[in-house]
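Have a look at the structure below, then the notes.
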Amino acid sequence: MMDRKLPKYKVEIDYDKCIKCGRCATNCTFGAIVYDREQNKPIVKDTSNCVACQRCVTFCPVGAISITPYPVVYPAHGTWTPYHIRAIDEQARTGRVLLAGTGCDRPYPCVFDYLVWDACQVTNPAIDALREPVETRTFLGRKKRTIKIKEIAEGCYDIEDLPPGVMLSTPLLIEHMSLGALSYNAITAMLMAVTEVGTLMGTGEGGLHPNHYKFKKNIIAEVASGRFGVSPDYLNVAAIEIKIGQGAKPGHGGQLPGEKVNKLISETRGIPIGTDALSPNPQHDIYSIEDLKTLIDALHEATEYRIPVGVKIAAVNNVAPIASGIVRAGADFITIDGFRGGTGAAPRVIRDNAGIPIEHAVASVDQHLTEEGIRHKITIVAGGTLRSSSDLIKIIALGADVGMIGTAALIAMGCRVCQQCPTGKCAWGIATTDPVLSQRLDVNWAAQRVANLLRAWTHDLEEVLGTMGIDAVESFVGNRDRLRYIGPNPHEAQILGVKHAGERIRLGGH
Ligand code: SF4
Ligand code: SF4
């Protein structure tokens, strides 16, 4: 009795409305609602199993189900909050590391919410984005400070010696999420969406399923410490990214339990069925910037310098000098993943406490590389819970060339952020390898939703750039002067390189 889980949610069925269709019981993968054959009706078997995934509520045809916070008050205590009591209870019960999916759920302040942007008034006219073009295309890859034009035929010109790069229709891509962490249908839907929109998605460290090679022009292949699925074919894609770290679990390798390694995952990762896929915490051939350069050079050579090679790191204390080393090691782009970034499975203690926010990390890297005179050499990709188009716009102004989303794309496909991804029981068919559950996600429907989201954020970006009188997103990158800080900490504004709202600009030194 003492080992019973503390319920978080209360599930109730209104039997006056219920028509006994059984959909709630069929859809509940966590054992909260079951269908009682003897009573011939659905019953709440164990409300403590409810994770508020909302699948039953969504599919009940008569609105008979409600989920509310469990009506119990914890003894008021400023230190021993329900969060801590629940965690202690669970670890005392299981003796295990607590695993969680999605990103950090602690209520830390979000710096994006302390930033607002500028708009044109009187002397600097706005652009009407509905009538005039606003350029949202950008490039993933190393930039040249100067370019030379050569004539390749009479009246026909080309640019000389351009480094490898990929054109994106929007400064927004879908970050690395692997097959195994997510279902085949979820990965297929997102690949269809980025292909339709003209941007990219990362493979994560799970390799590339044979059926997904047709999307290769829109794929960033990840080379992680486990090297799962890495082959010459796998590297023949739009871009390659060496994974050093991930925002949700800096310093920690990927983990896919053997139960999730079925035939499909085994074929893709090149490992036996049922084997735990545990990536080492570090890349065992990289212990210095020189080692990193050796791998970047090897990947450039293996792909005949045709495609950009980037490096992904988690946002940590020394992110700026590390980024500087990555530029000097010859990377074409750097991906920085902030501490709120999502995951299929991470130790909660790491997910909720390690790393720094993406806002500070990007501002710091952009300023540092600019001071060192090497900012132009690299594309900065940044993510770690971009929740909205406004977060995307702010991260670009803070210094990122491209933003990336993960959880937002999952939410577009139905995810309710219930954090149960490591269990493999995702009721929405997203974070599971169960072939039956995976079928719950309609690939075409999901692809359309994700494509709509990418397009909608791009339209928002066009509108906002127009109101600032900016006609190309590349002119907005690192334009911190168009941001203002409205938070409580002036020192934070200084770190971000953003003026406080109302701060006067003194022209001509007066
Ligand atoms: S889905 Fe709704 S109507 Fe159907 S059995 Fe469950 S509660 Fe009753
Ligand atoms: S992907 Fe599924 S299990 Fe993971 S948070 Fe979303 S709804 Fe929950």
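Indexing begins at 1, ligand by ligand and atom by atom, following the structure's order. Starting from 1, each residue takes its place in the sequence as its number. On a predicted model such as this, the values are computed, not experimentally measured, just so you know.
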Which ligand 1 atoms, with their elements, are less than 4.0 angstrom from a heavy-atom of [X]?
X: Val62; answer: 3 (S)
X: Cys21; answer: 1 (S), 3 (S), 4 (Fe), 5 (S)
X: Ile65; answer: 7 (S)
X: Gly22; answer: 4 (Fe), 5 (S)

Original post:
Would you say Ser438's side chain and Asn185's backbone share a donor-acceptor pair under 3.5 angstrom?
Top reply: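 Side chain of Ser438 to backbone of Asn185, a donor-acceptor pair under 3.5 Å: no, none is there.
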**OP:** Determine yes or no for a side-chain-to-main-chain donor-acceptor pair under 3.5 angstrom, with Asp401 supplying the side chain and Ile380 the backbone.
**Re:** yes
Original post:
Given that the side chain starts at C-beta and the backbone is N, CA, C, O, which of these parts of Gln419 lies under 4.0 Å from ligand 2, counting heavy atoms, or is it both or neither?
Top reply: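 Backbone only.
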Under 3.5 Å side-chain donor-acceptor pair for [X] and [Y]:
X: Asn40; Y: Tyr35; value: yes
X: Tyr485; Y: Glu492; value: yes
X: Asn211; Y: Tyr184; value: yes

Original post:
For Thr335, which of Glu222, His176, Glu241 qualifies under side chain to side chain donor-acceptor pair (under 3.5 Å)?
Top reply: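 Only match with Thr335 under side chain to side chain donor-acceptor pair (under 3.5 Å): Glu241.
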Original post:
When you check the gap from the basic side-chain N to the acidic O, do Asp105 and Arg351 get nearer than 4.0 Å?
Top reply: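 So Asp105 pairs with Arg351 through a salt bridge.
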Note the single closest protein heavy atom to [atom], along with its residue, its atom name and the distance in Å.
atom: atom 4 (Fe) of ligand 2; value: Cys421 SG, 2.4 Å
atom: atom 2 (Fe) of ligand 2; value: Cys426 SG, 2.3 Å
atom: atom 1 (S) of ligand 1; value: Cys24 N, 3.3 Å
atom: atom 7 (S) of ligand 2; value: Arg416 N, 3.5 Å
atom: atom 8 (Fe) of ligand 2; value: Cys418 SG, 2.4 Å

Show which atoms of ligand 2 fall inside a sub-4.0 Å distance from at least one heavy-atom site of [X].
X: Trp428; answer: 7 (S)
X: Val417; answer: 5 (S), 6 (Fe)
X: Thr102; answer: 5 (S)

Subject >> Under 2.8 Å: N/O/S of Cys415 next to atom 6 (Fe) of ligand 2 >> reply: yes
**OP:** Look at the N, O or S atoms of Cys18, main chain and side chain alike, and state whether any lies under 2.8 Å from atom 8 (Fe) of ligand 1.
**Re:** yes
Original post:
Leu173 and side-chain contact (heavy atoms from CB on, under 4.5 Å): which partner among Val381, Val194, Asn218?
Top reply: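 Checked Val381, Val194, Asn218 against Leu173; only one passes side-chain contact (heavy atoms from CB on, under 4.5 Å): Val381.
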Original post:
Who gets closest to atom 3 (S) of ligand 1 by heavy atom: Thr26, Ile43, Ile19?
Top reply: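 Looking at heavy atoms only, Ile19 sits closest to atom 3 (S) of ligand 1.
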Original post:
Any side-chain heavy atom of Cys110 sitting closer than 4.5 Å to one from Glu359?
Top reply: yes
**OP:** Return the orientation label for the Phe215 and His212 ring planes: parallel under 30°, perpendicular over 60°, tilted otherwise.
**Re:**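 Phe215 and His212: tilted rings.
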